[in-house]
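Below is one structure, written out as structure tokens; comments come after it.
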Amino acid sequence: MQSHDITVADLGAATVALLVRRCASRPSDHPRLNMLSRSSGLRRQLGMSEIVLTGSTGVLGRRAVSELLAAGHRVTGVTRSAPGRERLESLGARAVDGDVFDEASLRDAFDGADAVVNLLTHIPTPDRMADPSAWAENDRLRIEASAAIARAVQAAGARRLVQESIAFVYTEGGETWLDEDAPVTGGGVTSSSLTAERNARELFDGDTVVLRFGLFMGPDSGSTLATLQAAHAGTSTAAGPPGAYRPTIWLDDAAAAIPAALSIPAGTYNVVDADPPTNAEIDAALAAAVGRDALRRQAPRDGPMARSQRVSSRRLREASGWTPRLRAGTEIWSQITR
């Protein structure tokens with residue numbers, strides 16, 4: 001999934017399209033969803049006008065393109081496909097050819113950029129997430145492509161690199177709030193994310209901003225659709241115990257953090273709900289949305305998603321004025337099931 005661009009085949013394209021249209025076109029009765037975009041209130045950083053994105057056509061990337069354009073930036077997306085070019089141009093952005101594994105190709109694509117935003121990921125479909133081999137392409141993007149991108153940004157003379165990462169890199173935290181200085185650990189999908197962070201910091205001499213995103217939630221997010229499908233069948237998808245905290249983020253709020261990342265000091269920032277919900281809270285909201293009294297919990301599983309991670313986004317909120325409009329883990333479900 002380039003920037004988490006996956007669907008659930010069992011639901012069908014028509015169902016996915018309907019959910020997207022519902023959330024995109026229907027005025028929300030949730031007061032915070034009718035606010036102006038968070039990025040509209042952020043001052044564009046002086047001189048940060050030319051922005052190039054990799055991973056610009058996925059579910060996060062295309063939202064980020066729109067947010068950056070709305071904030072007054074000139075935006076170019078790197079793509080190698082005709083549909084990708086058409087999507088970018090339909091949003092009002094420019095498209096440029098580029099091979100994300102080839103430094104010379106990327107150097108040309110980044111020519112003239114003030115900042116480069118790397119949102120490349122390729123998350124497997126939910127039914128394959130338990131298979132380590134299904135993560136090979138995602139790992140290659142986070143390890144090899146992130147290195148090529150960082151070197152190309154350096155060669156092109158851009159001043160800032162924004163690198164996508166994940167909030168699941170933190171160790172088990174229990175009830176403790178986890179800020180960006182909390183201990184992290186590799187293993188599973190977190191290893192390649194930490195490598196991408198390191199590449200961005202060590203292979204580029206300019207200002208690097210790492211954004212550690214929570215679990216993306218939205219009507220076109222594969223994990224969201226899989227969770228909703230399981231809830232309709234009466235089952236919870238939570239990997240950890242009921243009291244474990246899960247860092248989540250509404251896709252629109254995640255995208256608004258991209259223009260914010262252009263005007264804050266270099267460093268690492270968490271992009272998650274202001275008040276991360278527990279698995280029990282998520283399951284209760286899901287059950288209510290699908291008309292069930294409760295969801296059947298599965299046996300606890302190992303891995304990053306099973307940890308309790310009460311991740312704090314305070315640093316980004318205070319540095320930029322960005323703030324999430326939804327508590328995504330609990331408030332999204334009524335929005336996409338109506």
Side-chain angles (χ1 to χ4, degrees), residues 4-39 59-60 62-63 66-67 126 167 213-257 271-298 305 309-311 313 317 322-338:
H4 306 264
D5 196 3
I6 60 177
T7 60
V8 177
D10 289 343
L11 290 180
T15 302
V16 174
L18 177 60
L19 289 171
V20 175
R21 287 198 300 272
R22 281 180 176 178
C23 286
S25 62
R26 182 184 61 241
S28 172
D29 55 11
H30 194 292
R32 280 181 285 164
L33 281 179
N34 289 320
M35 293 165 58
L36 292 174
S37 164
R38 280 80 56 225
S39 67
V59 293
L60 175 61
R62 59 180 178 259
R63 286 171 167 88
S66 295
E67 290 280 356
F213 290 96
L215 181 66
F216 289 156
M217 311 287 284
D220 46 348
S221 158
S223 62
T224 298
L225 295 174
T227 299
L228 184 61
Q229 183 185 42
H232 278 294
T235 302
S236 168
T237 61
Y245 289 89
R246 193 188 313 180
T248 58
I249 188 70
W250 176 244
L251 271 164
D252 289 355
D253 289 333
V271 187
V272 298
D273 291 337
D275 182 19
T278 63
N279 287 326
E281 290 178 299
I282 294 172
D283 284 352
L286 261 170
V290 300
R292 289 186 172 269
D293 292 333
L295 302 181
R296 296 185 303 275
R297 293 197 173 95
Q298 303 181 41
M305 299 287 287
Q309 296 170 321
R310 196 180 189 184
V311 179
S313 60
R317 287 183 279 121
W322 171 89
T323 187
R325 295 176 297 175
L326 271 185
R327 191 186 190 210
T330 56
E331 295 177 353
I332 181 180
W333 310 110
S334 61
Q335 298 295 321
I336 66 175
T337 56
R338 286 190 283 117

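Here the structure is a predicted model, which is why all the values come from computation and not from measurement.
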By side-chain hydrogen bond (donor to acceptor under 3.5 Å, both in side chains), Thr237 pairs with (sequence neighbours left out) Thr227
Separation between CD1 of Ile336 and OG of Ser221, rounded to the nearest 0.5 Å:
8.5 Å
Mind checking the CD1-CG spacing from Ile282 to Leu295? Nearest 0.5 Å is all I need.
11.0 Å
Ion pair check, Arg325 and Asp253, cut-off under 4.0 Å:
yes
So which atom in Asp283 and which in Ser236 form the shortest heavy-atom distance, rounded to 0.1 Å?
OD2-OG, 2.8 Å
Run the side-chain hydrogen bond (donor to acceptor under 3.5 Å, both in side chains) test against Arg317 and tell me which residues pass, sequence neighbours left out.
Ser313
Residues which pass side-chain contact (heavy atoms from CB on, under 4.5 Å) with Asn279, listed by chain and number, not counting sequence neighbours
Ala238, Ala244, Arg246
Quick one, Thr224 with Leu251, criterion side chain to side chain contact (heavy atoms under 4.5 Å, CB included). Give me CA distance, side-chain angles, the key distance, then yes/no.
CA-CA 11 Å; Thr224 298; Leu251 271 164; over 6 Å; no
For Val272 against Val311, the heavy-atom pair lying closest together
CG2-O, 3.4 Å
Closest non-hydrogen atom pair, Ala328 against Met217:
CB-CG, 3.8 Å
Can you give me the closest heavy-atom contact between Asp273 and Leu326, atom names plus distance?
OD1-O, 3.4 Å
Flag side-chain contact, heavy atom, 4.5 Å: Val290 against Trp333
no
Considering all heavy atoms, the nearest Glu281-Arg327 contact
OE1-NH2, 3.0 Å
Nearest heavy-atom contact between Pro324 and Ile249 is CB-CD1, 4.2 Å
